[in-house]
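None of these values were measured; they are calculated from a predicted model.
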Amino acid sequence: MMHIHGHGSFVGPPVADVKAIKAEVSRYTRIHFRRANRFVLIALAGACRCVQGHDPAPATAIYLTTENGNLGDTETVLNQIFHKHEFPMPYNFINTMSNTASFYVAQSLGLPGRNVTFSSKQLSFERGLELAFCDMAMGGIQSALIGGADEACFSRDQFEAKFQLPYGQYEMVEGSSWLLLRRTAQGALGALRPPATFESAAAAAAWIGRQALPDTVHLSYGILPNAADRETIGQALADAVPMDYIAERGYFDSATACGVTHFLEQGATGCLVHVNKDFRDQLVLLVVEKY
Amino acid sequence: MERVVQFNMKGSLDEALKTRIKQLIVDNCDLDIELSDIDDEAPLFDRASNLELDSIDALQISIAIQNTFGIAIRDSKEMRRVMKSINSFADHIQPA
Amino acid sequence: MKHQVYIRGKAVQCALGGDPERIMADMRQGRTRVAETPLDLIGLDYSRPYCRLPQQRVDTGQDGATYFNAILDDTIARAIADAGLRPEEVRQLPIFFGSTSIDIPIYEEDYRTQREVLSRTSSGYGNIAHEVGRRFDMRGPCYTFTTACTSSANGLLFAAGMIAQGMLARALVVGYDLYSHLGFYGFEALKLITPPPYRPFDRRRQGIIMGEGCGAVILDRQMPAPDAFACLGGANGCDTFSVTTHDPEGGRIAGVMTEALANAGVTPSRIAAVKAHATGSYHNDQTECNGLRQVFGGQMPPVTGLKPYIGHTVGACGVIELVLFSEAARNGFIPPMAGFEEPDEALGVTPLTQSLAVSGGIFLLNYFGFGGNCVSLVIGNGR
């Protein structure tokens, strides 16, 4: 069990000029991010909101989960080499490595501990949580900052080819959502159970039936679980309150992280069961309790 | 006539060239500073400099110079010598 | 619930090829394979060295994706065969993947005629691992690490951690970086690439020679052979000094090495040899040696590096150098730092100039990267 001590989110429609995000970040940190690009800034904005007022210990681990990372600068550098026939600009090249974002989070918050940039397609946030659970179980890590960050998807063709879903049905957003987790329950506002993986919705529903859950259960889905999955799992949680955070907040590839912080921001109590799925038909359930 | 004189002018005496270099530094390093606040003689990478530039900025500027003027700075020793100040920079790009 | 974690199977493909016996023979002879690589894409008239694979895409006539997957799948298949995994063990395998360039080499050729290929076709950092899972019918979870030059070292660290904790029975860990123009031109833009000779830790070192390759290991709770290597522990930390360089004083990386030793439950005096990250860049070598001296003081164990043999394989070096180092040790030797001639007083560390005979022991492996990332692993085999 990992306990939730803070949460923060910076998610919204993409802005044309990143100056607005720089202004947001500079409210929380005095470091001047001349070299920060869009991806770095959206990661930072959410992380800064999450830790505000919490004063995380220097040994706090950072896990930045993302599906696409620094796509913008990678395109810029390839364009510099292949079309302008010039050397890549160092700022752009350095930012093609997506861990520059988790670096800037560490630098601006003064956290020189464990630092990882991590990905697992649609399950990036859930699998990232497994890494955090492992580190805390080993005993070396007492607190962790874990977030999901992604830029918005602007390509209708790519989105529709990838998800087989109508692009126009979703509002495309960008940003990051973060949790501050600690081993200790003292002062916590909630808790996370280890993510559970299943090969079918029926197996997931059976597992739900064996769990001790609070009286009020909120139920949410990632983008990939289909109507059949939802029906099977819905039957196992017949009294659950639906929470469609993708409709309320918009879609980006770090949606799970946004769903969890969205639940924590609401007045509702009880627990959230979040159901997600990847392209290999693995289902992963996340149970988030709010005290 | 004037054109010929300018063409042969030592870079550190060429105000137009120096303005171009300053603009290139400000643009490529995303600096929030007026061009007139950059001293021609002051060390560019000094800790006390108002520009607060570091080694990554030096690389950024050297590639910008290469892409703009076609002048390659191959190693870091040469880079430190060339980028001492705006004047030394201008003299490197446009020797007398 | 702490389990031992062993290297049950392994395979590599690098500049010295993929045959373990030939690689060991080449390393004993100090042989390497460096190809001068032109910078003609941007109209420059000079070239830089690069440690390329013996067989290139143009030799195979394959398209970018086919060539990319062929090297990856061949290396993984050989690691599985080396481990002797049963089909049901393969089916349950989780995949840990680490890379700097991920799928960029697949798409680069298309950029000669098109734009924004990645934005239109690439499907996220996690895609390569997921596709491996599909092709090999591995149903375990996928974990992809993108922490620059420590990427696959982090894959090893977390895979070993999850097995030790009993969260997994075994795991496939892959490090893979093929040549990419993005990486090659990018490193040259940062003035990091040296002309030959490549000589990390030497007073006259001038930088890095990059390399390409793939490494795969199967980590398992079961001891496969009495001289098999175990992952005893490790650590990861972030040096927040600068996005490209670690604090030259070496304090943070010394901290990570110390944490790794403590995590493995060994004192510095028990380390039989260190595989340094040793990139040959002015800053890395200075920082690493300062860190090593803080950890080991006057009792410096023998120190070596493997990049002179196969180049700096960036995100793949975590797994590739683990395989080469542990195989050399099982064959009774620690290879010297090839190319090294003149000690640098400022470093205060003189690496091995001749092979060191060993029979088992505990070793420290260092990996550092952009974004301040530091990983140290402790491995050992007992006899």
Side-chain angles (χ1 to χ4, degrees), chain A residues 35 62 66-69 71 74-75 77-79 81-90 93-94 96-100 102-104 106-107 110-124 127 130-131 133-135 137-138 140 154-155 157-158 162 197 199 253 278-280 282, chain C residues 41-43 100 104 107-108 111-112 115-127 129-130 133-134 139 141-148 150-151 154 158 161-162 164-165 167 181-182 185-190 235-241 243-244 252 255 259 263 369-373:
Chain A
R35 299 167 192 141
I62 295 172
T66 179
E67 176 154 3
N68 302 300
L71 210 45
T74 306
E75 288 288 9
V77 167
L78 289 167
N79 192 43
I81 296 170
F82 285 94
H83 299 288
K84 293 166 98 176
H85 302 290
E86 293 177 349
F87 266 126
M89 293 304 294
F93 173 64
I94 291 163
T96 63
M97 281 157 264
S98 288
N99 68 323
T100 60
S102 58
F103 169 82
Y104 285 118
Q107 190 185 50
L111 306 176
R114 185 159 278 219
N115 193 293
V116 177
T117 299
F118 172 80
S119 190
S120 189
K121 290 189 75 79
Q122 287 300 297
L123 302 173
S124 297
R127 298 288 179 228
E130 291 178 354
L131 303 182
F133 267 104
C134 176
D135 281 342
M138 299 224 295
F154 293 112
S155 167
D157 292 347
Q158 194 204 15
K162 183 171 165 184
T197 300
E199 289 207 2
D253 282 327
D278 73 0
F279 295 98
R280 299 188 305 156
Q282 285 193 344
Chain C
L41 256 179
I42 60 171
T100 297
I104 288 172
Y107 301 106
E108 276 197 339
Y111 273 87
R112 292 182 190 269
R115 287 166 192 269
E116 300 195 342
V117 184
L118 275 174
S119 303
R120 284 185 282 110
T121 43
S122 173
S123 199
Y125 287 150
N127 209 42
H130 277 72
R134 222 191 273 278
R139 309 277 179 93
C142 294
Y143 304 89
T144 294
F145 297 82
T146 62
T147 55
T150 55
S151 295
N154 274 316
F158 278 97
M162 289 172 101
Q165 280 304 308
M167 294 168 73
H181 293 299
L182 183 139
Y185 285 82
F187 266 54
E188 178 63 8
L190 297 182
N236 156 315
C238 181
D239 188 334
T240 58
F241 180 79
V243 71
T244 52
R252 186 69 195 104
E259 209 183 302
N263 179 255
F370 281 168
N373 218 264

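Options A/S98, A/S102, A/P90 differ in how many heavy-atom pairs under 4.5 Å they form with chain C, and the most are formed by A/S98. Heavy-atom pairs under 4.5 Å with chain C peak, among A/E67, A/M97, A/E75, at A/E75. Counting heavy-atom pairs closer than 4.5 Å to chain A, the top residue among C/G369, C/A148, C/G255 is C/A148. Of the residues considered (A/M138, A/H83, A/H85), A/H83 shows the highest number of contacts with chain C, using heavy-atom pairs under 4.5 Å. For the options A/S124, A/G113, A/G140, heavy-atom pairs under 4.5 Å to chain C are most numerous at A/G113. Among A/T100, A/L78, A/L71, the residue making the largest number of heavy-atom pairs under 4.5 Å with chain C is A/L78. If you tally non-hydrogen atom pairs under 4.5 Å between each of A/E86, A/Q282, A/R280, A/E130 and chain C, the highest count goes to A/R280.
Using a distance-only test at 3.5 Å, with no hydrogens or angles considered, a donor-acceptor pair links the side chain of C/N236 to the main chain of A/N115.
For the pair A/S155/C/E116, no side-chain contact is recorded, criterion being any heavy-atom separation below 4.5 Å from C-beta on. Side-chain contact between C/C238 and A/Q107 is absent, with no heavy atoms from C-beta onward closer than 4.5 Å. Inter-residue side-chain proximity for A/P112 and C/R252 is flagged as met; some heavy-atom pair is nearer than 4.5 Å. Within the 4.5 Å cutoff, the side chain of A/K121 has heavy atoms near those of the C/H130 side chain.
The part of C/T100 that comes within reach of chain A is its side chain, from C-beta onward, which places non-hydrogen atoms under 4.5 angstrom from that chain. Heavy atoms of C/D239 lying under 4.5 Å from chain A belong exclusively to its backbone.
Side chains of A/T66 and C/Y125: a donor-acceptor N/O pair is absent below 3.5 angstrom, by distance only.
Closest non-hydrogen pair, C/I42 versus A/I81, comes out as CG2-O, 4.0 Å. Pairing each heavy atom of A/N99 with each of C/F370, the nearest pair is ND2-O, 2.9 Å.
Note: C/Y111 and A/F82 have tilted aromatic rings, judged against thresholds of 30 and 60 degrees for the angle between ring planes. In this pair, C/Y143 and A/F118 present their aromatic rings tilted. The plane angle is within the 30 to 60° band.
Annotation: cation-pi geometry not satisfied between A/R127 and C/F145 (NZ/CZ under 6.0 angstrom from ring centroid, within 45° of ring axis).
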